Amino acid sequence: MALDEPRRNYLFSSSSIPGYPINTDIQRTNIWVRYIGIGGDTVIPECAPVYYGGVYYPIYLPFTHPQSESETPTTGNACGSTGLCCYYYVVIQVIYCSSGGFYVYRQMDNHPMNYMGYVTYHRNCVAGSCGPLAECSTTKNGGCQCVSGYKIPPKHLPTNESYGCQDINECEETANLCGPHSNCTNLPGVYNCSCLEGFVPSDPALALNPSHNPCTDVNECVEIEEVCGGFGKCTNTPGNYTCTCYKGYKPDGPFNCQDIDECFNSTICGQESVCTNTPGAHNCTCLLGLSPTNPVLDPSEANPCIDVDECLNKTVCGPNANCTNSYGAHSCTCLFGYLLTSPDAIASPLNPCLDIDECADTPGLCGLHSVCTNAPGTFHCSCVEGYFSSTGVLWETDVTVCESVDDVLAALVPPEGQSKEMYFLNQMNQQLMENPDIVLPQGSVTNSLSTALKVSGVGTMSAQQASTGQVWSGAGKDGGESGSVVLKISVLLVNALVDPSQGRVNKTIHTPELDISLQVIEANSTDTSSLSARGNTMDINLKALARNNNGTASAVFLTVNGMESLLGASFLQTENHTEMLSDVITATLPKINHTQLSEPVNFTMSHKRRLAEPGLMTCVYWEDRGVEHENGTEGKGRHWSVNGCWVVFSDENYTVCSCSHLSTFALIMQTGETVSEDNPFLEWVNRMCVIVGLVFFALAILTFLLCSWNPKINNTARLHLCLCLFLSHLLLLLDYTYLTHKLVCSIMAGLLHFLVVASFLWMLLEALQLYLLVQRLSRIQVIQRDGLQKKYLFLIGYGIPLVIVGVSAAVKRDGYGGSKVCWLMPEQYFTWAVLGPVCTVLALNWILFCVTIWSLRPTLANMKSDVSQSKDTRCVYICL
């Protein structure tokens, strides 16, 4: 009997089908049954849960089915699953039909319990085993199940044509299956998820997943460029966005904005104005020459346009021009001395008034022996070097001529007892004092100062006189008198350089005679108040002075070359030896009312020479009380004073002085040495002695060259000793001829260093020769003339000094020279370049002398009466 019942498949499970539980197998006793169709062809071999196969208690065969065809059935127990897998059982027989590849079954007994039934499976799964929309599962022992996306309705009983699989509507069965902000669409066997409009998956590159990649809101305001048309504000909302037009725009459709033309048929800007529409706004401008009543606000009906006084703008005409206002306009004209760049246009910053170069346009404008210097809007005249203005320091156009300084002095008629030079200086000083507020051009200041220096005689003294502090006696009764006047003139002249109307100024003037540094600052300036002149600097707090002088302050720092020849170190009242160690510097505060210093001023003064062992450094200033004795000599009226000045720091190169006032300053070094004065007689005696010494050195050299009184004695060392001494004395004798030439003086100092060291080395070689002679005598040998070979003598006598001088020159290039004598500079112990070798040679000489005397003592006591040996001994005594 063939049973085709699809519900028997062991994966079919339902308790809602019609007729459940089906109890048909209880009637089939002793009947051979074959199972076919969708349900399967083989009884299951394992225990199955209740409700499977359309019965309440599924029956399974716990024994193994026969694998070959046999006439004898395989008999076993069929177990019913009633909660326990084999609680009830019946005897069953199974035969395998190999020709058809199927099994037939015969139940031998009735079922012990109702609602039991056989459950089957497909022993071999093939396509179509389970019908349409179902599949035979190889992993689940041939059971039939719906393909993915399909299921059997609970009350459907499978038929031979179909297992009964129907599509699952996942979108209805599972609420919010695709997550928030999404659509679920059912499809045959599947479903599709998509985001609502305005939403996208969190990661657009991946598929929508409610757990890992849900739908998120699209920010159209960010993602879409100019989503509101570029003239509106975009506001994002969940799944959508809104647009709000900017001020000056109106909506033009749901997502676009259109500009509002405020100027159209409107008086929004008021009278005498121009309205210009712009995207989203408008501009109101007054007509040319007019401006709003309130310049801070734009023109409007409430803020009408009125006339502008363009001349209130100091730059409207550009520099160097005059401005004249008129209604709605203005006119510009160039100042005197200026000319328009383009004469066809009005003066303006783009067409400025340019300075007229009168000096270039009119050659010879200032006359003969003069210099014409162009200045903004004017020109200045000054005389060339060696000439002076006929009207003094003030130049009068078409009146002043330049005259030779010698002619000016010759034409002067001074009062009785006063020199023409002093009278000239006093006149210049008086003219400057009578015009304290004048402003002089740079050319006039430098020419006047140069003339005053020439007349006073500054620069005519030698550097040696200036450094020793000897007083000049030229223009006045002494250097102090003329120096004081020159200082007054220099202060008044540099004061005349300052123009109070110029504001902030930084100016430096360099000439062969003087260095000037001028600075004018404002109280809020960030400039540092440090002025310098010829390597000297002045640090002053000008900002504090500016705050006490209407917001501006000026300072002048001045150095006059050679002023120390007038105001020498001897004007410092002290018993010590004095030396002027710096330039004479002058500091002044021109054209300011309150000159009281808020803090001391620091001066950094460079030394005129490098010091090895400095003496007492003294910071001094020039005090001029104008008091003299009746005999005409300087008393305490004019002198260097230390009041209010002190030394802050000093080393071998410079000294820092701090002073509580401004004046003329200098740096003087005091030492305990007594002041030595030049004595011409002693100088003459010294030179005569050197000349006599040279004659005798020459005779000795000739003697050693021409006479050989004992052939056993080597005269090489003595000969070269005399040569070195002769040449060194000759260089000292001619020292004055090359003292003023720095390079020649340095070379001669190096050569003198070489000769002095060589002299002492030749003296050492002579001592060595005597020692060798004594050594031979101690061995009672006839002395032969061998000693040291000449090549070794020359190598030691001249080679070692050459090395010493070479190393010294390489270590300190500027160590040779001087202002008084061409020799080694004493700075940094450089004199040890000669003292070291000399002391070493003297020590070795003394050692050799002692050793030689000690060696002769036993020799003379034990000497035999050999004639030759006696003669040699006398020869040694003569050498000693």
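Numbers here are sequence positions counted from 1. The shown structure was predicted, so the numbers you read here are calculated from the model rather than taken from an experiment.
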* **P6 to P158 - nearest heavy-atom pair and separation** => CB-CB, 3.6 Å
* Give, for atom OG of S530 and atom CG of N602, the distance between the pair rounded to the nearest 0.5 Å. => 10.0 Å
* Donor-acceptor contact present, side-chain T293 to main-chain P304, <3.5 Å -> yes
* Do any N or O atoms from the side chain of N9 and from the backbone of C144 form a donor-acceptor pair under 3.5 angstrom? -> yes
* More than 12 heavy atoms of other residues, nucleotides or ligands under 6.0 Å from NZ of K155: is that the case? -> no
* Asked: Does the side chain of E46 come within less than 4.5 Å of I44's, by heavy atoms?
  -> no
* Asked: More than 12 foreign heavy atoms under 6.0 Å from CD of E69: is that the case here?
  -> yes
* Asked: So does L288 have more than 12 non-hydrogen atoms from other groups sitting under 6.0 Å from CG?
  -> no
* To do: Could I get the full list of ring pair (Phe, Tyr, Trp, His ring centres under 6.0 Å) partners for Y20, not counting sequence neighbours?
  => none
* To do: Taking atom CZ of R123 as the centre, report whether more than 12 heavy atoms of other residues, nucleotides or ligands fall under 6.0 Å from it.
  => yes
* To do: Indicate yes or no for a side-chain donor-acceptor contact from T237 to the backbone of N240 under 3.5 Å, with no hydrogens or angles considered.
  => yes
* Asked: For residues T267 and E301, is any side-chain donor paired with an opposing acceptor at under 3.5 Å?
  -> yes
* Structure fact -> The ring pair (Phe, Tyr, Trp, His ring centres under 6.0 Å) partner of H65 among Y105, Y121, Y96 is Y105
* Asked: Between I306 and E272, is a side chain to side chain contact (heavy atoms under 4.5 Å, CB included) present by the stated rule, with each step listed?
  -> CA-CA 8 Å; I306 59 175; E272 297 183 306; over 6 Å; no
* Using modelled atom types only, decide if a donor and an acceptor are shared between the side chain of T174 and the backbone of C171 within a distance under 3.5 Å. => no
* Asked: Between C275 and C284, is the SG-SG gap less than 2.5 Å?
  -> no
* **Non-neighbouring partners of F264 that pass side-chain contact (heavy atoms from CB on, under 4.5 Å), sequence neighbours left out** => D261
* To do: Determine, step by step, whether D259 and Y246 satisfy the side chain to side chain contact (heavy atoms under 4.5 Å, CB included) criterion, reporting the C-alpha distance in whole Å, the side-chain angles of both residues, the deciding distance to 0.1 Å, and the verdict.
  => CA-CA 9 Å; D259 175 50; Y246 294 143; over 6 Å; no
* To do: Check I31 against M1 and note the closest heavy-atom contact, atom names and distance.
  => CG2-CB, 4.2 Å
* **Which residues share a ring pair (Phe, Tyr, Trp, His ring centres under 6.0 Å) with F231, sequence neighbours left out** => Y249
* **Sidechain-backbone polar pair: S14 side chain, P154 backbone, donor-acceptor under 3.5 Å** => yes
* Minimum heavy-atom distance between S529 and L542, given as atom pair plus value -> OG-CB, 3.3 Å
* Under 3.5 Å, is there a donor-acceptor pair between the side chain of D167 and the main chain of P188? -> no
* Asked: Side chains of S342 and N351: is there a donor and an acceptor less than 3.5 Å apart?
  -> no
* Asked: If you measure SG to SG, does C215 sit under 2.5 Å from C195?
  -> yes
* To do: Looking only at non-hydrogen atoms, find the nearest pair between P58 and A48 and report the distance.
  => CG-O, 3.9 Å
* Side-chain donor-acceptor pair present, D217, N236, cut-off under 3.5 Å -> yes
* To do: Evaluate side chain to side chain contact (heavy atoms under 4.5 Å, CB included) for R106 paired with I92, printing each intermediate quantity in order.
  => CA-CA 6 Å; R106 183 173 64 179; I92 192 170; 5.7 Å; no
* Asked: Looking just at side-chain N and O atoms, do N110 and T29 make a donor-acceptor pair shorter than 3.5 Å?
  -> yes
* **Expected output: side-chain T552 to main-chain V520 donor-acceptor under 3.5 Å** => no
* Check: I168 and K151 side chains under 4.5 Å, non-hydrogen atoms -> yes
* Structure fact -> In short, A321 meets C353 closest at the heavy-atom pair CB-SG, 3.8 Å
* Asked: When you look at C228 and C234, which way does the disulfide bond (SG atoms under 2.5 Å apart) test go after all the steps?
  -> CA-CA 6 Å; C228 291; C234 177; 4.3 Å; no
* To do: Using modelled atom types only, decide if a donor and an acceptor are shared between the side chain of H122 and the backbone of S137 within a distance under 3.5 Å.
  => no
* Structure fact -> Nearest heavy-atom contact between V274 and L287 is CG2-CD2, 3.6 Å
* Tell me yes or no: between the side chains of N160 and D4, is some donor less than 3.5 Å from an acceptor? => yes
* Asked: What do you reckon, are the aromatic ring centroids of F12 and Y52 less than 6.0 Å apart?
  -> no
* Within the distance-only criterion (no hydrogens, no angle test), does the side chain of Q93 pair as donor or acceptor with the backbone N or O of T74 below 3.5 angstrom? -> no
* Are side-chain N/O atoms of N313 and T315 paired as donor and acceptor at under 3.5 Å? -> yes
* Got a donor-acceptor contact below 3.5 angstrom from the R7 side chain to the G53 backbone? -> yes
* Asked: In terms of side-chain heavy atoms, does Q145 have a donor or acceptor partner in Y163 at a distance below 3.5 Å?
  -> no
* Under 2.5 Å between the sulfurs of C136 and C125, yes or no? -> yes
* Asked: Between C269 and C263, is the SG-SG gap less than 2.5 Å?
  -> no
* **Derivation and outcome, side chain to side chain contact (heavy atoms under 4.5 Å, CB included), residues Y327 and L290** => CA-CA 8 Å; Y327 187 80; L290 304 176; 3.8 Å; yes
* Find out if the SG atoms belonging to C317 and C323 lie under 2.5 Å from one another. => no
* Asked: Taking atom types as modelled, is there a side-chain donor on N186 or N192 under 3.5 Å from an acceptor on the other?
  -> no
* State, yes or no, whether a side-chain contact exists between P214 and F199 at a heavy-atom distance under 4.5 Å. => no
* Does the distance from C184 SG to C178 SG come in under 2.5 Å? -> no
